[in-house]
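To find a chain, count down the sequence lines: A is the first, B the second, and so on, and within it residues start at 1.
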Amino acid sequence: MSRYNVKETEAKWQEAWERRACFRAVEDPSRPKYYVLEMFPYPSGRIHMGHVRNYTIGDVIARYKRATGFNVLHPMGWDAFGLPAENAALEKKVHPAKWTRENIATMRGQLRTMGLSVDWEREIATCDVEYYRHEQKMFLDFLKAGLAYRKESWVNWDPVDNTVLANEQVIDGRGWRTGALVEKRKLSQWFLRITAFADSLLNDLATLDRWPERVRLMQENWIGRSTGVRFRFALAGRPDTLEVFTTRPDTLFGASFAAISPNHPLAAELAAGNPDLAAFIAECNRLGTSEEAIETAEKRGFDTGLTVVHPFDSGWTLPVYVANFVLMEYGTGAIFGCPAHDQRDLDFARKYGLPVTPVVIPADADPAAFTVGTEAYTGPGVLRNSRFLDGMDVESAKQEVGRRMEEAGQGERTTQFRLRDWGVSRQRYWGCPIPVIHCADCGAVPVPEADLPVVLPEDVTFDRPGNPLDHHPTWKHTTCPSCGKPAVRETDTFDTFIESSWYFARFCSPHAESAGFERGAVDYWMPVDQYIGGIEHAVLHLLYARFWTRALKQCGYLSVEEPFAGLFTQGMVNHETYKDAETGAWLSPADITRNDAGAMVRADTGAAVTVGRVEKMSKSKKNVVDPANIIDTYGADAARLFMLSDSPPERDLEWTEAGIDGAWRYINRLWRMVDEPPVALPAPGAALPGELSERAVATRKLVHKTIAGVGDDLEKFRFNKAVARVRELTNALAEIDGSGAGEAAVLREGYEAVVRLIAPMMPHLAEELWSRLGHTSLLAEQPWPRADAALAVDDTVTIAVQVNGKLRATLALPRDMAREAAEQAALADETVVRALDGKPVRKVIVVPNRVINVVV
RNA sequence: GCGGGCGUGGCGGAACCGGUAGACGCAUCAGACUUAAAAUCUGAAGCCGUCAGGCGUGGGGGUUCGAGUCCCCCCGCCCGCACCA
C-alpha cells in the first residue's frame, strides 16, 4: 500500500500553479469579475491560526468563484506601518524597516505553503514609498477639498507609547495597546472631516445587504445621529448667551435648570473667581471616564449662581449648574434639564430639590393625577402644562418649538452626530510622513505635488524617547515652498488606519506609478465583492475605509462610494488553556502530555496540570498552536480542512489535536480510496454504460445531490455542511465494490465529483487525485461540476406516519403519490393499526412527500 | 442600563418554509486483522425500560393535526455601546 506524501505533493502542485500562472488576474471586460479580499495581515513575525482561518475561507471563495466562471481578483499584501516595529527597534535594536521586511519574508513563505490562489504579482507593502507616496497626494487633494484641516485640540496622550490616540483607541480610559491611563494634552493635529459624510455613511448602511446585521448596527450606533434643536438662552445680567442642544424641545416648559460641562468655557471663567467651583471642576476631571466611575457616578452639580431666561417667558429664570454628567465633547457642552422626562435630569433634580413638572402625559393616564416619582417618563403622550403646546403630541410639539425658535432667531433645528472628525496625526516614526511644511511666516504649507514623495528617512536612531524624526539632524530642515525661507517639516506621521483605507484600490493596479491606481482598473474591479476578516474591525477600519472611498470619489479618483459590497466576519480560533497546578504558570499545549493514567501533566516534569477554559489563542495565555508546525506535519490541506469542518465560519472554532488528526485521517482515506479503487476504472471521459445496477443508480443520485448541495453551501458560507456532504458521499462510494453493472463507471463519476468538490478546500489533494485519475489538465483550471437536476431528486421518498402527532412508522413511497393512495398505505401499516387501537379516525393530514398524520 | 446574538447527545455541530430531532465529525464501546501495538476495516450507541413503550432541543405556558422552529413569561451565557441631552 502506497502512502500519500503530503510535502512533496503540496510543493509539486504549488509549483504547477505558479508555472501556469493560474491565479494571475487580468482585466477582461467581457467576463464578470469577482474581487475576493481578506483583511491584509500586519507583518508581526509569523502567521497565526487566525490568519489560517481567514485566508482559508477567502481561498475557498476565490477558487470556487473562479471555477464557476468569474474573473477573480485575489491579492495579498502587508499592512506594514505601525507601532510594533518601533517597539522591536527599542527592545531588540533592530531597525523597524529591517524588522518589517524580514517579517514579511517569513510570513510570505508561510502563506505560500498554504497553497492560496493568490496573484502574488500584486503583492504590496504599505511601508514602501511606492505605496505611501500616493496617499500623500490624496491627503493634499483632501486639503484642497476642505476634507482635511488642522486644529488645536485636546488629545488622548498615551504616556507609555508617547503618542496620541484616537478616541476609539481609548478603552475605558486606557490606551488600547498599552493599557496605560490616558492623559489629556493640547496639540495641533491634522483632522479628516469624516463628519462631512456622516449622513451618507449612516444612510448607505441600508444598502449593504451583504454585511452582517450587527456590524451595520455597530456603525449606526457609532455614528449616532440625533435630531433636535440648538438654541441660545439669555444669561440674566450678562450680555452673552448660553447655547444648548436638545432632542426634546417639546419639554421646554418642564425645564427646571440648565447645566454646563465642567470643561465648558463659562465654567472656566467662573472658576477663576471661585475656588470652590474650581475645586469641584478639578474633582470632576479626576473622576475621568473610567469604567467604574461611569457606572457608579452619582449626578453631582455646583450651582453657579447664574440664571438663564426661559426662551418663551422673559419672567421665568432657571438656575445654571456645572454638572458632572454633561460632556463638553457632545453638542454644545450645555443642556437644559427637564427632570420629568429624562432620567439623568430627574436624578439630578431629586438630589438638588429642583421642581419636577410633567409636561408629556401618556394617552391613557389621568392628567390631573399623573406624577413622576423616581422614573422619568420618556414615552409618547399629550403635552400639558405647556401653554401653546398643550394638546399636541410629542412630534408636533418638537416641530412647533423648533419653528418658533427659528422665527425668533433664537435657535434652529439641527442634526447632531456622536461621530467626531478623525484625528490622523501620530507622533511616531514608522508611518507615512504628513506632507506639510511649517513656516514661521506662512504657517502650515502643503508640500508641492512636484516635491512628493516626502520619503521617510531610514537613518534614524531610537536612543532617545519621543519621535526619531524630530531628532534627525537634517531631515526636517527645509525651505518654505511659499516664501523660500528656512522652515521645518511636519514630523508627525499618519495614523496607520490610513494605509488600510485604500489598499483594496491599490490592488487593482499595484504597480501604477503616476497614481495610486488606474481609473480603468478600479472601475473594473471595485467594489470588493467579498471582504473577509475579524469582527474587531467592525467600526474603525471599515468606517474609515468607507469614508476614504467617499473622499476619493469626491476628489474624482473613482466612482464607487462603498468599497465592500459583501462582508463576512469570521470567528476566532480558540484553544484550551493550561496552568501548572502548583505554580499557576501558564503552559503551552506543546508542554502538555497525557500520562499513563490519562491525566494531563507537564511533559518535562510530569507535574499536574490544571485544564482551564477554552479561550482565544493568545501569547499571554500561551494557548497558541503555531500553524507552521501543523502545516509541516500534516500539510496545508489538513489545516485548511480543519478550519472548515464542524464550526460554522462566523462562530469561534476550538483547535484540538483530535480535530487535526481527524482531518488528516480523512485525507488519507480519500487518497487510498481513489488510489486503489476496488475495480479498474474506465478511461477519463468514457460514456456511462446503458445498464446500471440499482446500487449504481442510487449512487449517481447521491453524487448529483451532493454536487448541487455543496455548491449551494459554498455560496452561503456553510463550509462545515459542505464538508459533511462530501464525507457522506465518500462513505457511500467506499461501500461500492464495483461488482454490479456499470459500477466502475459510476465510481469514476463519483470519485471525480468528490475530487472536484473538495478542490476549493483541499486544492493540493484534489489536484493530485485528479492527476491520478488520469487527467493531464490542472484541476485549478477546470470548471465547477454541474449537477444533473433530474438525478438530484429522488423518486422514492420516506414518509413519516404519525398518530396524533407521534411518529409510529415510516413508509417508502413513490414521490408525488396521490393523497388517497398514501393515506391508504399509511392506514394499512401494522404499527399504525396497533397504535390506532380500533379507535375511529377523525381526520388524516397528508403533507405530500413528507408526513401523514392520523388524528383519532 | 440600552442594543444584538445564543442555549440541541459526553463534545463540535445538522435539521430548507412549522412536518421522521441528532446528518457529518470527535470521543467511547465491541469485533476483525496482528505475536502485540499502531494504522486500517466492520458494527453499536440521545436518555429510561427486558419488551411493549415512555421521555427528550435551558425552564414554564400558549397557538397548531403537528413546535428545536411561531407567540408570551422566566433563567443562563456571549458580544457591542455606555451619562451622547
Side-chain angles (χ1 to χ4, degrees), chain A residues 1 3 172 212-222 224-226 228-229 244-249 251 259 261 289 291 293-295 297-299 323-327 329-338 341-345 347-348 416-420 535-536 538-539 614 641-642 645-648 650-654 656-663 665-666 668-669 672 709 712 716 718 720-731 734 798-811 834-835 842-856:
Chain A
M1 193 164 78
R3 276 183 64 88
D172 294 336
E213 179 64 30
R214 62 176 180 143
V215 173
R216 286 185 288 169
L217 250 160
M218 281 160 76
Q219 294 218 351
E220 199 179 309
N221 292 337
W222 191 265
R225 176 164 63 192
S226 54
V229 170
V244 300
F245 172 73
T246 180
T247 56
R248 293 299 303 270
T251 64
S261 162
T289 52
E291 66 274 40
I294 288 170
E295 192 102 24
E298 183 184 4
K299 305 284 173 286
N324 65 345
F325 64 93
V326 180
L327 305 176
E329 302 82 49
Y330 187 78
T332 62
I335 60 155
F336 79 80
C338 176
H341 305 292
D342 182 289
Q343 193 59 45
R344 293 158 305 183
D345 297 347
D347 295 344
F348 190 81
Q416 182 71 40
F417 292 93
R418 202 189 88 107
L419 182 71
R420 325 267 163 79
I535 186 74
E536 66 272 22
V539 178
V614 173
L641 177 61
F642 182 82
S645 307
D646 293 353
S647 292
E650 68 280 5
R651 244 184 267 181
D652 286 356
L653 173 89
E654 189 194 346
T656 61
E657 197 65 26
I660 187 71
D661 276 340
R665 268 203 303 274
Y666 177 68
N668 283 284
R669 182 168 171 235
R672 276 194 308 272
D712 191 42
K716 293 173 178 154
R718 298 189 297 214
N720 54 325
K721 287 184 64 185
V723 170
R725 263 187 229 276
V726 174
R727 292 185 93 127
E728 225 170 339
L729 179 56
T730 308
N731 292 345
T798 309
I799 294 182
V801 184
Q802 303 174 332
V803 176
N804 283 346
K806 287 206 160 99
L807 181 72
R808 294 299 167 184
T810 56
L811 299 175
R834 182 150 28 98
R842 276 223 330 260
K843 190 154 83 164
V844 179
I845 285 135
V846 180
V847 181
N849 301 325
R850 284 201 181 273
V851 77
I852 298 168
N853 191 10
V854 184
V855 187
V856 297

#### Entry: Residue pair A:Thr730 / A:Tyr666, side-chain donor-acceptor N/O under 3.5 Å
yes
### Query
Atom CD1 of A:Ile535 to atom P of B:G5: distance rounded to whole Å?
13 Å
### Task
Can you tell me the distance, in whole Å, between the NZ atom of A:Lys299 and the P atom of B:A85?
14 Å
### Between B:C24 (C1') and A:Phe642 (CZ): distance, integer Å
15 Å
### Task
Using a heavy-atom cut-off of under 4.0 Å over every strand shown, decide if A:Arg727 touches base, sugar-phosphate, or nothing.
sugar-phosphate
### Task
Could you check if a side-chain atom of A:Val854 sits within less than 4.5 angstrom of a side-chain atom of A:Arg808, using non-hydrogen atoms only?
no
### Task
Examine B:A27: is either OP1 or OP2 under 4.0 Å from a nitrogen or oxygen in the side chain of A:Arg665? Give yes or no.
yes
Output a table of nitrogen or oxygen pairs between the protein and nucleotides 60-67 of chain B separated by less than 3.5 Å.
residue	atom	partner	partner atom	Å
B:C65	O2'	A:Asn853	ND2	3.1
B:C65	O2	A:Asn853	ND2	2.6

### Separation of B:U40 C1' from A:Asp661 CG (nearest whole Å)
15 Å
## Note on the structure
Minimal heavy-atom distance between A:Val539 and A:Met218, with the atoms involved, is CG2-CB, 4.0 Å
### Message
Taking B:C17 as the reference, what is the distance to B:C6 when you measure between their P atoms (whole Å, please)?
### Response
14 Å
### Query
For A:Arg225, which contact category applies under a 4.0 Å heavy-atom criterion: base, sugar-phosphate, or nothing?
nothing
### Task
Rounded off to whole Å, could you give me the CZ-to-C1' distance for the A:Phe325 and B:C83 pair?
8 Å
### Task
Could you list the residues that satisfy ring-ring contact (aromatic ring centres under 6.0 Å, His included) with A:Tyr330, not counting sequence neighbours?
none
### Query
How about A:Arg842 and A:Asn804: does a side-chain donor come under 3.5 Å of a side-chain acceptor?
no
### Message
Expressed as a whole number of angstroms, how long is the span from A:Leu653:CG to B:C26:C1'?
### Response
13 Å
### Query
Rounded to the nearest Å, what distance is computed from the CG atom of residue A:Asn324 to the C1' atom of nucleotide B:A85?
14 Å
### Task
Would you mind reporting whether A:Thr246 and A:Val244 have side-chain heavy atoms less than 4.5 Å apart?
no
### Message
Let's see if you can work this out: which of B:G54, B:A85, B:A23 has an atom nearest to the side-chain heavy atoms of A:Glu728?
### Response
B:A23
### Message
Distance check, C1' atoms only: B:G66 and B:C77, in whole angstrom units.
### Response
31 Å
### Query
Below 4.0 angstrom from OP1 or OP2 of B:A82, is there any side-chain N or O of A:Arg418?
yes
### Message
If the threshold is 4.0 Å, N to carboxylate O, is there a salt bridge linking A:Asp345 and A:Lys299?
### Response
no
### Contacts of type side-chain contact (heavy atoms from CB on, under 4.5 Å), residue A:Asp646, not counting sequence neighbours
none
### Task
For B:A39, take OP1 and OP2 only and decide whether either is under 4.0 Å from a side-chain N or O of A:Arg669.
no
## Note on the structure
Its glycosidic angle compared against 90° from 0, B:C48 adopts the form anti
### Message
Taking only the C1' atom of each, what is the distance from B:C24 to B:A36 in whole angstrom?
### Response
34 Å
### Query
Once you round it to whole Å, what is the distance between P of B:C79 and CG of A:Asn221?
17 Å
### Query
When rounded to the nearest Å, what value does the distance between P atoms of B:U69 and B:A82 take?
35 Å
## Note on the structure
Between A:Asn221 and A:Arg418 the two heavy atoms that sit nearest each other are O-NE, 3.5 Å
### Task
When you get a sec, tell me which of B:C41, B:C55, B:C26 is the closest nucleotide to the side chain of A:Arg672?
B:C41
#### Entry: Under 4.0 Å protein heavy-atom contact, by nucleotide of nucleotides 45-52 of chain B - B base, S sugar-phosphate only
-------S
### Query
Which part of the nucleic acid, if any, lies within reach of A:Thr656 when heavy atoms closer than 4.0 Å are counted: base, sugar-phosphate only, or nothing?
nothing
### Message
Taking B:C70 as the reference, what is the distance to B:A14 when you measure between their P atoms (whole Å, please)?
### Response
16 Å
#### Entry: Under 4.0 Å protein heavy-atom contact, by nucleotide of nucleotides 7-15 of chain B - B base, S sugar-phosphate only
-----BSSS
### Query
Is A:Thr247 reaching over with its side chain to a backbone N or O of A:Gly228, donor-acceptor style, under 3.5 angstrom?
no
### Message
Do A:Asp712 and A:Arg718 make a side-chain contact, defined as non-hydrogen atoms from C-beta onward lying under 4.5 Å apart?
### Response
yes
### Task
Please determine if a side-chain N or O atom of A:Asn731 lies less than 4.0 Å away from the OP1 or OP2 oxygen of B:G25.
yes
### Query
Would a 4.5 Å heavy-atom cut-off, applied to side chains only, mark A:Ile335 and A:Phe325 as touching?
yes
### Query
When rounded to the nearest Å, what value does the distance between P atoms of B:C16 and B:G22 take?
13 Å
### Query
When the P atoms of B:G10 and B:U35 are considered, how many whole Å apart are they?
40 Å
### Query
Looking only at heavy atoms, which two atoms of A:Val229 and A:Pro249 are closest? And how far apart?
CG2-CG, 3.7 Å
### Query
Mapping A:Arg248 and A:Arg214 onto RNA chain B by nearest heavy atom, which one lands closer to the 5' end?
A:Arg214
### Task
Considering non-hydrogen atoms only, spot the tightest contact between A:Ala538 and A:Val215 and give its length.
O-CG1, 3.7 Å
### Query
Looking at the angle O4'-C1'-N9-C4 for a purine or O4'-C1'-N1-C2 for a pyrimidine, is B:G58 syn or anti, with syn meaning within 90° of 0?
anti
### Nearest non-hydrogen partners of A:Ser645 and A:Val723, listed with the distance
OG-CG1, 3.7 Å
### Query
With a non-hydrogen cut-off below 4.0 angstrom, is A:Arg725 in contact with a base, only sugar-phosphate, or nothing?
nothing
### Query
What stems, by residue range, does RNA chain B take part in, given at least 3 consecutive Watson-Crick or G-U pairs under 3.5 Å?
B:1-7 with B:75-81, B:10-12 with B:24-26, B:28-32 with B:40-44, B:46-48 with B:53-55, B:58-62 with B:70-74
### Query
How is A:Val726 classified with respect to the nucleic acid when contacts are heavy atoms under 4.0 Å: base, sugar-phosphate, or nothing?
nothing
### Message
One thing to verify: whether A:Glu213 and A:Arg216 come together as a salt bridge, which I'm taking to mean a side-chain N less than 4.0 angstrom from a carboxylate O.
### Response
yes
### Query
How far, in whole Å, is B:U8 from B:A15 if one measures between their P atoms?
15 Å
### Task
Using a 4.0 Å heavy-atom cut-off across all strands, classify A:Leu217 as base, sugar-phosphate, or nothing.
sugar-phosphate
### Message
Just so I know, are the side chains of A:Asn731 and A:Arg669 near enough to count as touching, which here means a heavy-atom distance under 4.5 Å?
### Response
yes
